[in-house]
Trainee: 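Here it is, the structure, as structure tokens.
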Amino acid sequence: MELRLGADRATDAERAAVDAIVAPAGPVVAATGERFTRGGPHRAHERRHLLLPALQALQQEAGWISPGAINHVAEVLGVPPAEAYGVATFYDLFATEPQPETVVRVCDDIACRLRGTTAIDGALAAEGLGAAARHHSPCLGLCDHGGAALVQRAGAQVRSIAAPAATPPVVEAGAAGPRLLARVGRVDPASLDEYRAQGGYRALARAIEMGPDAVIEAVFASGLRGRGGAAFPTGAKWRAVADEHGRPRHVVANADESEPGTFKDRVLMEGDPFALVESLTIAGLAVGARQGWIYIRGEYPVARSRLEAAIASAREAGLLGADVAGSGAAFDIELRIGAGAYICGEETALFNSMEGFRGEPRSKPPFPTTHGLFGEPTVVNNVETLLNVPAIVLDGADAYRAAGTVESPGTRLFCLSGHVARPGLYEHALGVTVRAVIERAGGVADGRALQAVLLGGAAGTFVGPDDLDVELSFEGTRAAGVALGSGVVMLFDDRVDLHDTLTRLARFFRDESCGQCVPCRVGTQRVVEWLASPGAEHAVLDDLMAVMTDASICGLGQTATSALRSARTAGLALPRRRP
Amino acid sequence: VFGAGGGTSSYRDAEEADLVVLWGSNAREAHPIFFHHVLKGVRRGARLWCVDPRRTPSAEFADGWLGLDVGSDIALANAIGREIIHAGLVHTSFVERATEGFDAYAACVEPYTLERAATTTGVPAVAIRELAHAYANAPTAQLCWTLGITEHHNAVDNVLALINLALLTGHVGRPGSGLAPLRGQNNVQGGGDMGAIPDRFPGFQRVVDDDVRERFETAWGVPLPAVPGLHLSRMFEAMEHGDLHALYVIGENPADSEADGIRARRLLEGLDMLVVQDMFLTRTAELADVVLPAAAAWAESDGTVTNSERRVQRVRRAVPPPGEARPDIEVIVSLARRLGAHWGDVTPEAAWDEMRALSPMHGGMSWARLEASGGLQWPCPTDDHPGSTLLHERLWADPLVGPRAPFSAVEWVPPVDVLDDEFPLRLTTGRTLDSFNTGVQSGDYEPPIRRGRALDLSPGDAAALAVREGERVLVASRRGSIEMTVAVRAELPRGLAFTTFHFADEADVNVLTIDAWDPKSGTSEFKATAIRVEKLAGAR
């Protein structure tokens, strides 16, 4: 490919940062002597997935991605510089203008804004970051703390700061006993030995004994459905990919947990990282994939480093690599780090992001099971979904179904935040009521009256204090017309200005829309404007919501008005709109 | 080999093939429209290979580039053929049913081992092997070539060597698989189709065939010579021997475009009579006794053109020609009248209808159909024939229809203009995107992307000669010498120099080139000149 580069040149440090990422893949045009080269668009395309890690390395090295650095990346990867720039500007955590030495991104999303900034201000001051440049950030997945910030500093890894809360975050299992949370807080997350001592890697051994078909059959029989929001039967997904004989296949753990109010996957990955590595390995062997990927959001530096260590330990122990645990099958895992984009949690946007393109969702069909990562058959599962697999493999589908309802077997993690007495992560059997979940967490904080509960996250639904008997199962929430989503249960007491919450949600979707399709790009902005204009007609909002729901390419635009719609239906916020 | 002289595929096949080989073709610059079709294929996933002494802009898009020595094509092709045979990748059922001469071919290529070819061509054996396997294993493949194959003293053998590969692998006569000689102008194909070849009537019918000739004589009412005419290289020989005294040149600029330009101009000047019919006052026209100003075929004339996929398309007059310029047909008809032949008022459509009455492959192409369909591909013999997207589909019929396609055992011979201590560098010539041939039609414009006025040298040679970018040097061949400006280009391997002939006024490159030509095609060896580069006296 012939590239037209600008005159800007990368510094030696920038070059070194990029080359460290790209060098293992060899040059984009490989010469054998003076008379034979291999190159061209196909070879460049095969290297394209290194674009995101290369940009990440640049951002970390220099604190921003300079025009000269873009030129260098473009040249060594054979990517047109305009496309590299297009990718760099897609992500919040990448800067394409010079930045101050240190940038602090303070969460002002719906949960954190309920508490004000006192706690996080104090935490930042204690770190000597009181005077650092500040930006607002969407949810950092630390809603169970007293406030949250992300620190970016040139030459250093991203760091997250959680402010202390009145009540320390709770990790607690409900009546069904701990399944997903069994080891969280009870093992050293850096120790493979401790993980094994507490039952780790027994499931992989069992899965190897059973063979791929039996594993998929067990997952199918368990009735396990996706925990990321779409609730698709996991076994069916695995079966479809396993049936794509003769094609390279992939398994991807979607750890891009970005739904405001959601922090369950972070807690799992920080507290029990080997469980994800083992679960993904079982998935990979079951569907015949040689490569597994974990795509984790860039805002989770602790989970990231624990996963990196866990993958390395597993590899060292022969649990990943050319012969996984003596099975004769090859499987390895690569970690990919997001860079601040909610939309990349959408599975096809996630593929595009991993492949080095802007994280814009693809049109479906074709579905990931036939055309996923790199256009190849791909299983993509949420972290929580995958972590259900070891128990299914070990104890069988029937034992798994002992918890939960017939249509929604198993347990579910709920992220309690907002005005709740004891914020944190709670595991309940599916089918539990909202009321029971809230009561388990101590009810409304400070004894206040409950105004509303947001279920399922920013793309979820509000319910009022009279609707707490909704059963939290796939069928129960569907019947009640509410969202189970990613397990968010966020409480708002009677002092909250819900109009402010709705406005923040609307801004969130506007900011996070990838801009690819008009209904979402324009619609999310119009919703922000609608909320800001006193006297705006409801008929206009109806039209907007209808167009966005019907015509957006992906779930972001389709569900961006879900919470707003539910708040209006429940009569919660809009009648009290400000004049 | 196959009879008619045209590409066997359509552009669409380049878009749908699994593999495209550009051999001796920098299509990106020289055939940019065709290259768009190739790029569509690449975008779909097709693999692209380029065989070219230079790592051309086309090669930038290639999965693999083989930088062979100029003129070593047959050695490379034969080695690829041998590798295909030895690797067991021959399309055996096709070869057995539809071809002949395989055994002789196999014996001929047997000495062309990968190692020997690597020595002859300069390309690593691993690359030759990889291309052989890629071509043979591709479900469908297009083999495309242009002047890098044909501007050699053994041009026809070069082409035959490539055709052998298509026969070996069955990559001809199927959708996606074919042989595509690319035409450099919108109507090069049409010129050949219409009989602008010394031994052919329209539709590639042989002049020496008595039945054919009789049909034309009957239609035209005049006796026709039974001996083929002269091609360009032979015309210049005839001028040199004093056998040719008068020349009528239509739309050609041999004073600039002929190899060994000094000799060409001397011979043109020595003619008793030179008539030039052209849109521009070319360097050849400047030498002429009579210049007949011609209308442009594009936008100023009515008629047809035929492109590289054998598609005949209508062109329409949109503006009147300037001044005294007239369409070629009018000029020729008027000239005939002055010479005593009264053809009446010949419209372009009437001329076309007369031609298609005599050329079976064009029989079904009425203007009405051409206009309605947006163009038809020959052969299209009857009014209800849809035209032919592919040639030689018959080779796949079982049992075979028509004669078998013959393998041709051809041996590599080096270029005529040998390299030695006195002339150690190989100069090859070509085109750039922004210019057209001798520059008659493009030289007046100054596009921002223009380059090609210079002598391109490899970094290694420039360093060895101690010359820098922009330096003026003396370039000498065994026939003459000119001054040129140096450009140092990384896409050239050591030992190879490149230039264009677009700027004859500034750098009269064809002073250097050799007029050795292929006795079978009449094409000169523009692509292989031995040169020496000298620093100019006074240059530091």
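Throughout, protein chains are lettered first and strands after them, A, B, ... in sequence-line order, and every chain is numbered starting at 1.
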Trainee: Out of curiosity, Arg38(A) CZ to Trp49(B) CH2, how far, rounded to the nearest 0.5 Å?
Mentor: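 That separation rounds to 6.5 Å.
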
Trainee: Once ring pair (Phe, Tyr, Trp, His ring centres under 6.0 Å) is applied, do any residues pair with Phe232(A), and if so which ones, sequence neighbours excluded?
Mentor: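 Partners of Phe232(A) by the ring pair (Phe, Tyr, Trp, His ring centres under 6.0 Å) criterion come out as none, since no residue qualifies.
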
Trainee: Can you confirm whether Tyr85(A) is buried at OH, in the sense that more than 12 heavy atoms of other residues, nucleotides or ligands lie under 6.0 Å from that atom?
Mentor: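 Incorrect, the count does not exceed 12.
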
Trainee: Is there a side-chain contact between Arg55(B) and Val29(A) in this structure, where contact means two heavy atoms from C-beta onward sitting under 4.5 Å apart?
Mentor: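 Yes, side chains in contact.
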
Trainee: Chain A heavy atoms under 4.5 Å from Ala46(B): which part of the residue, side chain, backbone, both or neither?
Mentor: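 When you check distances to chain A, only backbone atoms of Ala46(B) fall under 4.5 Å.
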
Trainee: For Glu376(A), what residues pass the salt bridge (charged side-chain N to carboxylate O under 4.0 Å, His left out) criterion, not counting sequence neighbours?
Mentor: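 For Glu376(A), no residue satisfies salt bridge (charged side-chain N to carboxylate O under 4.0 Å, His left out) once neighbours in sequence are set aside.
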
Trainee: At under 4.5 Å between heavy atoms, what parts of residues 26-36 of chain B are in contact with chain A? List them by residue number.
Mentor: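 So far as heavy atoms go, Arg28(B) are the residues that approach chain A to under 4.5 Å.
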
Trainee: Heavy-atom count check: over 12 atoms from other residues, nucleotides or ligands less than 6.0 Å from Arg129(B) CZ?
Mentor: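 It does not: Arg129(B) CZ has 12 such atoms or fewer within range.
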
Trainee: Might you confirm whether atom CZ of Arg290(A) has over 12 heavy atoms from other residues, nucleotides or ligands at distances under 6.0 Å?
Mentor: no

Trainee: Measure from the side-chain N and O atoms of Arg35(A) to the backbone N and O of Thr121(B), and report whether any donor-acceptor pair falls under 3.5 Å.
Mentor: yes

Trainee: List for me each residue that meets salt bridge (charged side-chain N to carboxylate O under 4.0 Å, His left out) alongside Arg12(B), sequence neighbours excluded, and say none if there are none.
Mentor: Glu16(B)

Trainee: Do Val42(B) and His42(A) have side chains that approach each other closer than 4.5 Å (heavy atoms only, starting at C-beta)?
Mentor: yes

Trainee: Counting neighbours of NE2 on His133(B) that are heavy atoms of other residues, nucleotides or ligands and sit closer than 6.0 Å, is the number greater than 12?
Mentor: yes

Trainee: Which atoms of Leu492(B) are under 4.5 Å from chain A, going by heavy atoms: the side chain, the backbone, both sets, or neither?
Mentor: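 Leu492(B) touches chain A through backbone heavy atoms alone.
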
Trainee: Please report the shortest heavy-atom distance between Pro41(A) and Phe61(B), naming the atom on each side.
Mentor: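 What the structure gives for the nearest pair is CD-O, 3.1 Å.
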
